[in-house]
Amino acid sequence: GSDISLWMRNIHLAGYGVLVGLLGVWWNDGVVVQEKGFFFGYNGWVWWVVVMQAFGGLLVAVVVKYADNILKGFATSLAIIVSCVVSVFLWGFVVTGQFAARNQPRPWGGVHVQPSQASPETPSSLELSWLRHV
């Protein structure tokens, strides 16, 4: 165990992420940012994406806090499936065989979870039965 709280770990991780992001901006667009400013070119769609990403991060935090990892995995899989279906209808995305083959194991195949028979006194122990087939 560690004496560092979860909040401090999150701040540390966010700090590294901001540092790497700013280095990427400086490396790729440093001159443009110096001339026109960091937020040059931001429009309503960009701000919408920023807000949705922030909301998604907070939503993940709530799910992790109040649900278990298995439920989070099912929610992520459902989000991938819904995004794919919505993309087909809204933007005319064509689901090719290659796309289906590359993305099938994640949401469609899922993870079959069952209680482990090895230790009946610990009902929380789980066996990922799909690992036996890998």
Side-chain angles (χ1 to χ4, degrees):
S2 176
D3 293 338
I4 299 175
S5 71
L6 182 62
W7 283 100
M8 285 307 296
R9 287 184 188 190
N10 285 339
I11 290 171
H12 289 150
L13 285 172
Y16 289 124
V18 168
L19 180 64
V20 169
L22 289 176
L23 285 173
V25 168
W26 173 77
W27 182 265
N28 291 321
D29 299 316
V31 175
V32 175
V33 170
Q34 286 179 346
E35 291 174 1
K36 299 181 180 181
F38 184 81
F39 297 108
F40 175 77
Y42 278 42
N43 58 21
W45 286 109
V46 174
W47 284 110
W48 174 251
V49 169
V50 169
V51 168
M52 291 304 294
Q53 290 292 323
F55 177 72
L58 294 173
L59 188 61
V60 167
V62 168
V63 168
V64 168
K65 181 173 175 100
Y66 295 108
D68 59 359
N69 283 332
I70 295 171
L71 183 61
K72 186 181 123 192
F74 284 126
T76 302
S77 298
L78 183 63
I80 292 170
I81 294 168
V82 169
S83 297
C84 182
V85 170
V86 168
S87 295
V88 168
F89 291 111
L90 286 182
W91 297 291
F93 177 73
V94 177
V95 179
T96 63
Q98 181 182 13
F99 176 84
R102 290 182 66 185
N103 292 293
Q104 183 273 339
R106 284 176 245 161
W108 302 103
V111 176
H112 179 66
V113 180
Q114 62 187 11
S116 175
Q117 300 297 327
S119 56
E121 64 274 354
T122 57
S124 63
S125 64
L126 298 173
E127 174 188 315
L128 300 177
S129 62
W130 65 272
L131 286 174
R132 289 183 278 157
H133 304 291
V134 176

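No single ILVMFWY cluster, assembled from side-chain heavy atoms under 4.5 Å apart, contains both Val86 and Val49. Ile11 and Ile4 fall within a single hydrophobic cluster, where Ile, Leu, Val, Met, Phe, Trp and Tyr are joined by side-chain heavy atoms under 4.5 Å apart, directly or via other members. Under a hydrophobic-cluster definition in which Ile, Leu, Val, Met, Phe, Trp and Tyr are linked whenever side-chain heavy atoms come within less than 4.5 Å, directly or via other members, Leu23 and Val18 are assigned to different clusters. Placement of Phe55 and Trp48 in two distinct hydrophobic clusters is found when ILVMFWY residues are connected by side-chain heavy-atom separations under 4.5 Å, directly or transitively. Under a hydrophobic clustering in which Ile, Leu, Val, Met, Phe, Trp and Tyr are joined whenever their side-chain heavy atoms come within less than 4.5 Å, directly or via other members, Val46 and Phe39 fall into the same cluster.
Nearest heavy atom pair, residue Asn43 against residue Trp45, reads OD1-N, 3.0 Å.
Using a 30° and 60° split on the angle between ring planes, Phe38 and Tyr42 fall in the tilted class, from 30° to 60°.
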Derivation of the side chain to side chain contact (heavy atoms under 4.5 Å, CB included) call for Trp26 and Leu22: CA-CA 6 Å; Trp26 173 77; Leu22 289 176; over 6 Å; no

